[in-house]
Amino acid sequence: MEQSLRDCLKIAVANRIAIAHFNIADLSGLKGIAASVRELGVPVMIGTSEGEREFIGLRNAVSLIRNLREEYGMQVFLNADHTHTFEKAKEAIDAGYDEILFDGGKLPWDENVAVTKQVIEYARASGRDIIIEGELGYIGSASEVRKEIPEGAAIDAADLTTPEQAAEFVRLTGVDLLAPAVGNIHGMFADAKDPALDIPRIVEIAKAAGVPLVLHGASGNTDEDIKAAIKAGVAVVHVSTELRVAWRRGITASLADHPDEVAPYKLLTGAAAAMADVAKNKLKLINGLI
Ligand SMILES: [Zn+2]
């Protein structure tokens, strides 16, 4: 029988591994990621931010993911990543997304709780089993290569999510998954590894929250940190920037190697291959295969 995202999350938690979450903006990204996922036979989540889903089209994204499930029997699920308003969440639920991340990380506490609850109510009323993730603490928004920490992102211990906040937020909202600020930031640094994750805090938050945690912004974090975070209670690991960097590297090389080529599908093959390589390594790491 086909496994739901909820089933796959339960299995990941039981096996102390995680599900990889990769963002896409076009077919070359999905093609590259899907090739590695099929090769390894592991579940995966595909994310589209508000910008990415506007570019692809929400129903197009839903169809692409369904096609992969039906055609190849892949355990692939679609997340409306970093959704900032109830209206955008509603759009994604209506279009058929499997998960919604309502990101109220920058909102005042009461408003974050209220809108997260509103999204859950709407999702439950749809009759489909949609996973809802909430976000506590701001970790910067753009998946880009950066020189410094984004303004307002929590990186001092005093600004990170506390176990008490996590427990209270889950109790008040009823989210299925929680994305805390644990020293992670979106994007990656041009010349250095990301700052270390606060692993003891992840252990405490996971215990207090009682739901699986999601690690955002894992691009640039060390393999050791990612492994330790999974052992500590993280069940979904988001990687985006490293894939974007691979896409650019692939397309740049294709253009340089074939200066007279104008067929997009030929030029995009390089981007898909570069993304497939990055995805494969991350899938192995996140699924406990290395
Ligand atoms: Zn994220």
Side-chain angles (χ1 to χ4, degrees), residues 5 9 18-25 29 33 44-56 61 77-85 88-89 92 97-107 112 115-116 119 131-146 149-155 159-161 166 169 175-189 194-195 197-198 202 205 209 211-221 225-226 229-230 233-247 275 278-279 282-283 285-286:
L5 174 55
L9 284 165
I19 301 176
H21 176 293
F22 301 133
N23 287 67
I24 60 159
I33 292 165
V44 73
M45 295 180 65
I46 298 295
T48 60
S49 65
E50 288 183 3
E52 287 162 339
R53 74 187 93 136
E54 198 171 304
F55 183 77
I56 300 170
F77 306 98
L78 185 62
N79 176 34
D81 204 20
H82 295 288
T83 305
H84 293 100
T85 60
K88 293 279 179 195
Y97 274 64
D98 304 297
E99 196 211 301
I100 309 292
L101 161 54
F102 176 71
D103 181 355
K106 269 181 109 169
L107 296 176
N112 188 4
V115 185
T116 304
V119 171
I131 298 289
I132 305 294
E133 175 183 342
E135 179 142 341
L136 261 188
Y138 178 56
I139 56 175
S141 59
S143 292
E144 60 192 12
V145 179
R146 60 177 87 250
I149 291 169
E151 204 179 325
I155 203 75
D159 298 330
L160 303 182
T161 306
F169 187 79
V175 288
D176 302 300
L177 296 170
L178 181 68
V182 289
N184 49 328
I185 41 168
H186 279 122
M188 60 191 279
F189 293 95
D194 276 17
L197 299 174
D198 189 339
I202 297 176
I205 290 176
V211 296
L213 304 183
V214 179
L215 179 66
H216 283 257
S219 287
N221 285 112
D225 250 14
I226 291 173
I230 293 169
V234 163
V236 181
V237 177
H238 282 229
V239 177
S240 176
T241 311
E242 284 186 53
L243 287 162
R244 289 180 165 186
V245 170
W247 182 88
M275 287 179 80
V278 171
K282 296 292 179 191
L283 285 165
L285 174 72
I286 293 164

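Just follow the structure's listing: the first ligand is 1, and inside any ligand the first atom is 1.
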When you compare the side chain of [Y] with that of [X], does any pair of heavy atoms fall below 4.5 Å?
X	Y	result
Leu178	Glu133	no
Ile185	Asp194	yes
His21	Val237	no

Quiz item: Is the backbone of Thr83 close enough, under 3.5 Å, to the side chain of Asp103 for a donor and an acceptor to pair up by distance?
Solution: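 Such a contact is absent between Asp103 side chain and Thr83 backbone.
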Quiz prompt | Heavy-atom donor-acceptor pair, Asn112 side chain to Glu135 backbone, under 3.5 Å | solution =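 Pair found, side chain donor or acceptor close to backbone of Glu135.
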Practice problem: Report the C-alpha distance between His186 and His238 in whole Å, list the side-chain angles of each, state the deciding distance to 0.1 Å, and finish with yes or no for ring pair (Phe, Tyr, Trp, His ring centres under 6.0 Å). | Solution: CA-CA 9 Å; His186 279 122; His238 282 229; 7.8 Å; no
Self-check item: Of the protein N/O/S atoms, how many lie under 2.8 Å from the Zn ion (ligand 1)
Solution: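 N, O or S atoms of the protein closer than 2.8 Å: 3.
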